[in-house]
Amino acid sequence: MPTSATVSAPGKLFLLGEHAVVYNGSCLVTAVDSRLWLTLTADESSTSPTLTINAPDVGLANWTCPLKESFFRPAYQGPSSFIESSIAVFHRRYPFHANLKIETRSDFGANLGLGSSSATVAATLYALSVVFNADLSPEQLFAMGVEAIQNVQKLGSGADLAAAIYGGTIYYLNHYPRQITPLKIDSLPLMVVYSGEKAGTVSYVRKVAELEENWPNVISSVIETMFTVVDSGRERLLAHDWVGLGQLMNIQHGLLHALGVDTLSLAEIVFAARRSGALGAKLSGAGGGDCAIILVDDAHRAEVRTALQHKKILDVQANAPGVRTEKRD
Ligand code: PMV
C-alpha cells in the first residue's frame with residue numbers, strides 16, 4: 001500500500017542583515033504565509049524504484065528518473081535539483097527502497113524571491129520524515145537541509161531554510177555554534193512589493209565577494225555595520241518599536257546600496273513608500289530584483305498603496321508558521 005503525506009513550508013523575507021549573514025554574521029528573517037505545498041507518495045512494493053516529480057511552478061510535468069540516479073549525481077542542477085538533493089541527503093541517513101512521487105505547488109511561484117528553494121528543501125525532507133517515520137527534530141531537519149542546499153548551490157547562509165523550518169520571526173547567527181532564536185512578536189505591519197525583476201541569489205553573493213576582494217577594508221566595515229544594525233533591530237523588534245525598526249531598515253537598504261545590489265526598480269519602490277509616510281523600506285534578500293519590504297502603520301497604509309498601485313503588491317503576512325503537515329485537499 002502506498003503511503004503519502006501532504007506538507008507545506010513558508011516562504012521568507014529578510015528584515016535585516018542579508019549579505020552580512022553570509023560573512024559569519026547575523027540577520028533577522030521572517031516566514032511569510034505564502035507557502036510551498038508538497039505531496040509525497042511512497043510505494044515500497046516496487047522492485048526498481050523511480051522518482052517522479054510534478055512541479056508546474058518550475059516547469060516539471062511528470063519528470064521521472066530511476067531513484068538511484070538521484071542519490072549519486074555528480075552535480076545537482078536544474079528544476080529538480082533541490083528535491084533530488086534533499087532525497088539523497090535523507091536516504092544517506094535513513095535508507096529506504098520505494099517509488100517516490102512528488103507533487104508541488106506554491107502560493108507564490110518560483111520567481112518572486114520569496115524562498116521557494118529553501119521551502120522546497122524543508123517540505124521534501126519533512127514529508128520524507130513523515131512517510132518513513134523518521135521523527136526528525138527541527139535541528140536535524142535543518143542540518144540535513146543545509147547539506148542539501150550546499151550540494152546544489154555551494155553557498156548560502158541557511159537563514160532562509162531556518163525560516164522555512166522554524167517559521168515565525170528569527171534571529172539567525174551564522175557562525176559556530178549556529179544560533180536560531182525565535183523572536184516572540186504578534187504582528188509585523190509589513191507591505192511586500194515585487195520589483196518586476198528576477199534576481200539570482202548566487203550571482204549577487206559572488207558580486208559582493210568580488211567587491212570585498214577589491215576593497216576588503218571598506219566592505220568589511222559595511223558588513224560590520226550591518227551586524228550592529230541587526231543587533232539593534234532585534235531589540236527594536238522585541239520592543240515593538242516600529243519607528244526605530246523602520247529607521248534601521250532604511251539604514252540597511254543604504255548599506256545594501258553601498259554593496260551594489262540595489263536596482264532602480266527597488267529604489268523607486270523604497271523612495272515612493274518613504275515619501276508616502278512609510279516608517280521604513282528596503283530591498284529584501286540578495287538584491288538585483290525580487291521584493292522590497294515596507295514597514296508602514298495603519299494611518300499611512302492606503303497612501304503607500306496608492307503610491308505603488310502601478311507595482312505588484314503581494315498579499316502576504318509575516319511571522320507565519322514553519323513547515324507542517326497539512327490535511328489532504
Ligand atoms: O535572495 P534571497 O532572498 O535568497 O536572499 C539571499 C540572502 C543572502 O544573505 C544574500 C544570502 C544568504 O544565503 O543568506
Side-chain angles (χ1 to χ4, degrees), residues 9-32 34 36 58 81-82 106 108-122 142 145-166 169-175 178-180 190 192-212 219 222-227 229-230 233 249 252-253 255-263 265-266 269 282-293 314 316 318:
K12 62 87 193 62
L13 291 164
F14 278 87
L15 297 178
L16 293 172
E18 53 270 87
H19 284 289
V21 69
V22 176
Y23 294 81
N24 294 337
S26 53
C27 70
L28 298 182
V29 63
T30 189
V32 293
S34 218
L36 184 285
V58 291
S81 56
F82 287 101
S106 78
F108 47 78
N111 290 327
L112 300 178
L114 287 182
S116 56
S117 312
S118 47
T120 300
V121 168
F142 179 77
V146 166
E147 195 181 327
I149 290 172
Q150 287 289 334
N151 289 345
V152 179
Q153 61 183 36
K154 314 287 176 229
L155 52 80
S157 67
D160 45 1
L161 180 70
I165 292 173
Y166 290 81
T169 300
I170 290 170
Y171 170 80
Y172 181 86
L173 182 63
N174 185 28
H175 66 71
R178 221 182 223 128
Q179 260 183 49
I180 300 173
L190 283 186
V192 184
V193 184
Y194 182 55
S195 68
E197 304 158 323
K198 172 75 195 120
T201 302
V202 173
S203 66
Y204 274 81
V205 170
R206 294 212 173 107
K207 197 173 143 130
V208 172
E210 268 168 40
L211 200 64
E212 207 254 347
I219 298 304
V222 175
I223 300 279
E224 286 281 335
T225 307
M226 286 182 174
F227 297 169
V229 168
V230 172
M249 285 169 61
Q252 174 72 9
H253 184 84
L255 296 169
L256 289 164
H257 184 92
L259 294 184
V261 303
D262 197 7
T263 67
S265 171
L266 285 164
I269 297 168
K282 62 179 278 289
L283 70 88
S284 166
D290 290 343
C291 290
I293 57 172
L314 306 181
V316 296

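Everything quoted here is computed from the prediction, not taken from an experiment. As the structure lists them, so they are numbered: ligands from 1, and atoms in each ligand from 1. We count residues from 1, following the sequence as given.
The protein non-hydrogen atom at the shortest distance from atom 3 (O) of ligand 1 is K12 NZ, 2.8 Å. Scanning the protein heavy atoms around atom 4 (O) of ligand 1, the nearest turns out to be T201 OG1, 3.1 Å. In this structure, atom 8 (C) of ligand 1 lies nearest to the protein heavy atom H19 N, 3.9 Å.
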>> Pair K207, E212 - check salt bridge (charged side-chain N to carboxylate O under 4.0 Å, His left out), show working.
In response: CA-CA 9 Å; K207 197 173 143 130; E212 207 254 347; over 6 Å; no

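Taking a cut-off of under 4.0 Å to the non-hydrogen atoms of A286, the atoms of ligand 1 that pass are 1 (O), 2 (P), 5 (O), 6 (C), 10 (C). The contact set between ligand 1 and V21, taken as ligand atoms under 4.0 Å from a residue heavy atom, comprises 9 (O), 14 (O). Using a 4.0 Å cut-off to heavy atoms of G285, the atoms of ligand 1 that qualify are 1 (O), 2 (P), 3 (O), 5 (O).
In this comparison of S157, G25, S284, C27, the heavy atom closest to atom 12 (C) of ligand 1 sits on S157.
Contacts between V22 and ligand 1, counted as non-hydrogen atom pairs separated by less than 4.0 Å, involve the side chain only. Contacts with ligand 1 closer than 4.0 Å are made by no heavy atom of Y204, backbone or side chain.
Checked by atom type, the side-chain pair H257/D262 shows a donor-acceptor distance below 3.5 Å.
In this structure, L283 CG and I269 CD1 are separated by 10.0 Å, a value rounded to the nearest 0.5 Å. Rounding to the nearest 0.5 Å places NE2 of H19 at 6.0 Å from CG of L256. Rounding to the nearest 0.5 Å places OH of Y194 at 9.5 Å from CG of L314.
The one candidate from V193, L266, I293 that meets the side-chain contact (heavy atoms from CB on, under 4.5 Å) condition with S284 is I293.
Side-chain atoms of K198 and D290, non-hydrogen and from C-beta on, do get closer than 4.5 Å to each other.
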